[in-house]
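Note: hydrogens, waters and symmetry copies are ignored here, and every other heavy atom, side chains too, is used.
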Amino acid sequence: MPGVRYYDIRHVQGQVTHIDIDNGVCESAASSFFDHAVIRALSRQGWGILTVDDFQEVRRNEIGSLVDRAASIAAICEEDISLSQPVRGSHEVPRMAEDPRDVSLAEKAGILLELERSARIPGIQNTRINYIERFEKTRFCDSTGYENEFETCRSGFGVLVVAARNGTLQMGYERRHTIRGLNIRHQQELARSAAERAILLLDARPARGGTMRAVLDPELAGVFAHEAVGHASEADLVQEGSSVLAGKIGERIGTAAVTIVDDPSLPEFGFEPFDAEGSATGRTEIIRQGILSNYLHSRETLAAVGNGQAGHARAAAGEPPLVRMSNTYFEAGESTREEILAECRHGILLKGSRGGQVDPGRGVFQFNAEYGYLIEDGDCTTMVRDVSLSGEILKTLFSICLCGNEVKMHQGFCGKGGQSVPVSDGAPYLLLDGAVVGGSGDS
C-alpha cells in the first residue's frame with residue numbers, strides 16, 4: 001500500500017426491526033439485515049473512502065487491495081490532512097434489562113396495539129405508534145494494529161395522536177428510546193397522556209408574542225443545548241467558518257449559570273463506547289460557567305483547530321465519520337422548579353418541542369414549543385399553544401438567570417451530512433430574562 005499514511009476500517013453488521021400501528025391496524029412489521037464497511041485511506045492527496053457491502057465475506061488477504069482502491073480515490077482530492085495522536089479506550093456497554101431480540105415480532109406488535117388502544121380516548125381522531133429496534137455489532141481496526149469491537153441494541157417507540165373538534169386539530173406526542181433493552185411494556189399511561197394533552201390543546205388559547213421572562217422545560221432547553229450550542233461547537237463547522245463560536249475559546253459567551261456538556265460515555269441513547277475513529281470517548285465541557293472551553297472534535301479537526309479532545313466522530317452504518325454530538329445537556333444548578341417560577345413572577349412556561357431551525361453560522365435560532373402556560377404571580381395559569389422561542393444564540397446564553405437542580409434527558413435522532421445517529425439532549429428548567437417569544441394570538 002505505497003503512499004498510504006494511515007487507514008482504518010469500520011465494519012457494522014446487524015438487524016433492524018420496524019413496526020407501525022395506524023389507527024388500530026398493524027400496517028407493517030418486518031426485520032432486515034445489513035452488513036456494511038467503510039474503508040478510509042489517507043495519502044498526501046487526502047482521504048479516499050470506499051464503502052463495501054457484505055464485508056463479512058471479504059477474506060483477510062483482500063484487505064490490502066481494498067485499501068489501495070480507497071487510496072486511489074484520494075488521488076483526485078489534493079488536500080493535505082493531519083491527524084492528532086489517537087487516545088485509545090473503551091467503555092462497557094450498558095446491560096439490557098430485557099433483550100428485544102428475545103421477544104417475537106408478533107408479541108411486540110401485540111404490546112404496541114395495547115398502547116394504541118390506551119391512546120384512543122373520546123375526542124381522539126387519529127393514532128399512530130411506531131417502533132424501531134436496531135442491533136449492531138461494530139468492529140474497528142486501523143493501520144497501527146489497533147482493533148476493538150462492541151455490540152449495542154437500541155430500541156424505542158413514538159406515540160402520535162390527533163384530537164379534533166369543530167374543524168380544529170391538535171396533536172399530542174410522546175417518545176421513549178433506550179440502549180437498555182425493550183421499553184414498550186407498561187407504557188399505557190404515557191400513551192394516554194399524549195392523548196389527554198392533545199384534547200386539552202383544543203381549548204388552549206393562542207399565545208401572544210413579545211419579549212418577556214420565559215421558563216424553558218427540560219425538553220425545550222435540551223433542544224436549545226443541542227441545536228443552538230452543540231452544532232455550533234462541532235469543530236468541522238468551526239474550521240469551515242460556519243459557526244458563531246469560531247475564535248471565541250476562553251471568552252465569556254453566557255452567564256455563570258451556563259455549563260453545557262457533551263458526553264458520549266454516558267449510558268444514554270447517544271452512548272458510544274469509543275468513537276468511529278477508535279478514539280476514547282468522555283466528557284467534554286463545551287461551556288464552563290459561561291466560558292467557551294472546548295469544541296467537539298475528530299482527530300482531523302483537533303489537529304487543525306485545537307481546543308478540545310477527539311472522541312466525537314460518529315457515523316451511521318456504511319457512512320464515513322463526521323464530527324457529531326452524542327449526549328448533550330445543561331448541567332444542573334441549585335434552584336427548584338418552584339423557585340424558578342417564583343423568580344419569573346410574570347412570563348411564560350414553554351414545554352416540549354415541535355422542531356424549528358438554527359443557523360450556527362449567523363448564530364440565530366427559532367424553536368417551536370409544543371405548548372405553554374402563562375406564569376402569573378409565580379404560578380402556572382392559562383394553557384397556551386402556537387408558541388415559539390427565537391433569538392440570537394449568544395444573547396440568549398447571556399439571558400439565562402437560573403438553572404434548575406434536576407436534569408432530564410430526552411432521546412431522538414440527529415441528522416447531519418445525510419446521516420442520522422441516535423442522540424440524547426437534556427437540561428433542568430431554565431429561566432430566561434428578556435426572551436423573544438412568538439405567538440399567533442392578538443397583540
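Sorted by first and then second residue, the pairs that involve residues 421-439 and meet salt bridge (charged side-chain N to carboxylate O under 4.0 Å, His left out), not counting sequence neighbours, are R213-D433.
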Working for salt bridge (charged side-chain N to carboxylate O under 4.0 Å, His left out), residues R40 and E300: CA-CA 13 Å; R40 301 192 306 167; E300 179 181 337; 5.6 Å; no
Intermediate values then yes/no, side-chain hydrogen bond (donor to acceptor under 3.5 Å, both in side chains), D263 and S265: CA-CA 5 Å; D263 190 350; S265 69; 2.5 Å; yes
Working for side-chain hydrogen bond (donor to acceptor under 3.5 Å, both in side chains), residues Q366 and N368: CA-CA 7 Å; Q366 188 269 331; N368 300 314; 2.7 Å; yes
Pair E98-R185, salt bridge (charged side-chain N to carboxylate O under 4.0 Å, His left out): steps then yes or no: CA-CA 10 Å; E98 181 179 14; R185 299 189 190 276; 2.9 Å; yes
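Every side-chain hydrogen bond (donor to acceptor under 3.5 Å, both in side chains) that D203 has, sequence neighbours left out, goes to R165. E227 meets the salt bridge (charged side-chain N to carboxylate O under 4.0 Å, His left out) test with no other residue; sequence neighbours excluded. Applying the ring pair (Phe, Tyr, Trp, His ring centres under 6.0 Å) criterion to H410, with sequence neighbours excluded, gives no partner residue.
At a threshold of 4.5 Å between non-hydrogen side-chain atoms, the residues R385 and R205 do not count as touching. Residues S298 and E277 have side chains in contact (heavy-atom distance under 4.5 Å, counting atoms from C-beta outward). F55 has its side chain within reach of I9: a pair of non-hydrogen atoms, C-beta onward, lies under 4.5 Å apart. Counting heavy atoms from C-beta outward, V358 and V364 have side chains that stay 4.5 Å or more apart. For the pair D359/F365, no side-chain contact is recorded, criterion being any heavy-atom separation below 4.5 Å from C-beta on.
The CG atom of L112 sits 11.0 Å away from the CD atom of E107 when rounded to the nearest 0.5 Å. E339 contributes atom CD, which lies 3.5 Å from atom OG1 of T336 (distance to the nearest 0.5 angstrom). L115 contributes atom CG, which lies 11.0 Å from atom CD of E189 (distance to the nearest 0.5 angstrom).
Using a distance-only test at 3.5 Å, with no hydrogens or angles considered, a donor-acceptor pair links the side chain of R299 to the main chain of S84. Panel note: side chain R197, backbone Y173; a donor-acceptor pair is recorded below 3.5 Å. For the pair R176 (side chain) and Q411 (backbone), a donor-acceptor distance under 3.5 Å is absent. Remark: side-chain polar atoms of T301 are not paired, donor with acceptor, to backbone N or O of H297 under 3.5 angstrom.
Under the 30°/60° scheme for interplanar angles, the aromatic rings of H36 and F34 are found to lie parallel.
Tested against E272, the residues P422, P264, S90 include a single side chain to side chain contact (heavy atoms under 4.5 Å, CB included) partner, P264. The side chain to side chain donor-acceptor pair (under 3.5 Å) with E133 is formed by just one residue from the set K108, R101, R154; it is K108.
A ring-centre distance under 6.0 Å is found for F274 and F150. A ring-centre distance under 6.0 Å is found for H177 and F413. Remark: aromatic rings of F271 and F269 are distant, center separation not under 6.0 Å.
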Indicate every side-chain donor-acceptor pair of residues 242-262 with a distance under 3.5 Å to a residue at least two apart or in another chain.
residue	atom	partner	partner atom	Å
S243	OG	A232	O	2.4
S243	OG	L245	N	3.0
R252	NH1	G254	O	3.0
R252	NH1	Q289	O	3.2
T255	OG1	A257	N	3.4
T255	OG1	I400	O	2.8
T259	OG1	Q289	N	3.0
D262	OD1	S326	N	3.0
D262	OD1	T328	OG1	2.6
D262	OD2	H312	ND1	3.2
D262	OD2	S326	OG	2.9

In a table with atom names and distances, give each donor-acceptor pair under 3.5 Å that connects a side chain of residues 347-355 to protein atoms at least two apart or in another chain.
residue	atom	partner	partner atom	Å
S353	OG	G355	N	3.3
R354	NH2	M171	O	2.6

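Within 6.0 Å of CD in Q56 there are more than 12 heavy atoms belonging to other residues, nucleotides or ligands.
Within the cation-pi definition used here (under 6.0 Å to the ring centroid, within 45° of the axis), R88 qualifies as a partner of Y146.
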